[in-house]
Protein chains: 2
Amino acid sequence: MSEENLELRKVGLKVTAPRLKILHILEESSGHHMSAEDVYRKLMESGEDVGIATVYRVLTQFEGAGLIARHNFDNGPAVYEVDRGDHHDHMVNVDNGVVIEFHSAEIEALQEKIAAENGVDIIGHNLVLYVKDRK
Amino acid sequence: MSEENLELRKVGLKVTAPRLKILHILEESSGHHMSAEDVYRKLMESGEDVGIATVYRVLTQFEGAGLIARHNFDNGPAVYEVDRGDHHDHMVNVDNGVVIEFHSAEIEALQEKIAAENGVDIIGHNLVLYVKDRK
DNA sequence: CTAATTGCAAAAGCTTTGCAGCGCA
DNA sequence: TGCGCTGCAAAGCTTTTGCAATTAG
């Protein structure tokens, strides 16, 4: 029984061909962020017979199960990446579309401090820096 | 000549009824964030005859002119607010939808530092904290 | 006068949903 | 076998666009 097989069982999802294929695509595209359309295109390229609706449904389930993380960069479609537990934020280079991941414990600490000052608890956050190459 | 009238001229936009009305709605709803649909609904309530397409076009123009700022909170439609030049980020209370604005010079400084470390310049950023009331 | 602006309706882009059939456990 | 899962097509929601008529400067 493969690892992906186990990952799916662990989160209570039936092990089906579409789910395995989609999870596999996301794992091998590690480093990139994939939109539902990107995943669907990859499936088509592999000659797989999976509907776009299934891609959306599976991505939503994976996200709910904590297997993947969803991000919304400004406009454009939502993108996903495998959630390795290492939280990070993103820098999007608007010149070439390259996405750099980063993490700042200091920023996170400041966020907590600000939330505390307002009497609330943070349950999630979204930080994206839009950048350009320095001339 | 009204102030709004001047604001429009200053950014090179013709002074038309739809633009004045939309700018007015945004200014009097200060504090809230308005989606295109929200603005359109207000126009309808006032018996104004403005198309939703015009609302979208005008909001886009206002944003380009720096009169207003656009935000994308997770899912849902884009929302706008008058840009008073005071940059700030947002905390969205997921329990009641309340949006709190905040600003942290420390966080901004850290962002600049991180960008510098990666050899890029920040041209914009997006920071939203999703929070809950503390129990 | 003339380019900018507008309303309408249609279309586009992304995502969700209804439904009947198929397949995992 | 039974419920979950799937593909397809249709619909939904937000936003954009083509076009002819209108209007600001």
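Numbers restart at 1 for each chain; the letters A, B, ... are given by sequence-line order, proteins then strands. On a predicted model such as this, the values are computed, not experimentally measured, just so you know.
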- Does the pair A:Asp89 and A:Glu108 meet the rule for a side chain to side chain contact (heavy atoms under 4.5 Å, CB included), with working shown? CA-CA 10 Å; A:Asp89 295 303; A:Glu108 312 264 307; 3.5 Å; yes
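- Between the side chain of A:Arg19 and the main chain of A:Lys14, a donor-acceptor pair closer than 3.5 Å is present.
- Spacing between atom OH of A:Tyr56 and atom P of C:dG13 amounts to 12 Å, rounded to whole angstrom units.
- In this structure, NZ of B:Lys14 is placed 16 Å from P of D:dT22, rounded to the nearest angstrom.
- Nucleotide D:dC5 holds its P atom 16 Å from the NZ atom of A:Lys21, rounded to whole Å.
- A:Ala17 comes within 4.0 angstrom of nothing in the nucleic acid, heavy atoms only.
- The distance between atom CZ of B:Arg9 and atom C1' of C:dA4, rounded to the nearest whole Å, is 14 Å.
- Regarding contacts with the backbone of C:dA4, every side-chain N or O of B:Thr16 stays at 4.0 angstrom or more from both OP1 and OP2.
- The 5' end of DNA chain C is approached more closely, in terms of each residue's nearest nucleotide, by B:Val50 than by the other of B:Val50 and A:Thr54.
- At the phosphate of D:dA24, neither OP1 nor OP2 sits under 4.0 Å from any side-chain N or O atom of B:Arg19.
- Judged by distance alone, the side chain of B:His125 and the main-chain N or O of A:Leu127 form no donor-acceptor pair under 3.5 Å.
- Here the side chains of B:Val39 and B:Tyr80 are not in contact, with every heavy-atom distance at 4.5 Å or above.
- Rounded to whole Å, the distance from CG on A:Leu20 to C1' on D:dT6 is 14 Å.
- Checking C:dC14, C:dC8, D:dG7 against the side-chain heavy atoms of B:Ala53 singles out C:dC8 as nearest.
- Residue A:Gln61 contributes atom CD, which lies 15 Å from atom P of C:dC24 at whole-angstrom precision.
- Each of B:Asn72 and B:Val15 was assigned the nucleotide of DNA chain D with the nearest heavy atom; the assignment lying further toward the 5' end belongs to B:Asn72.
- The OH atom of B:Tyr40 sits 14 Å away from the C1' atom of D:dT15 (whole-angstrom rounding).
- Classified by interplanar angle (parallel below 30°, tilted 30° to 60°, perpendicular above 60°), the ring pair B:His71/B:His88 is tilted.
- Below the 3.5 angstrom threshold, one finds a donor paired with an acceptor across the side chain of A:Arg57 and the base of C:dG18.
- Comparing atom distances between the B:Leu13 side chain and each of C:dT5, D:dT6, C:dC14 picks out C:dT5 as nearest.
- Rounded to whole Å, the distance from CD1 on B:Ile22 to P on C:dG7 is 8 Å.
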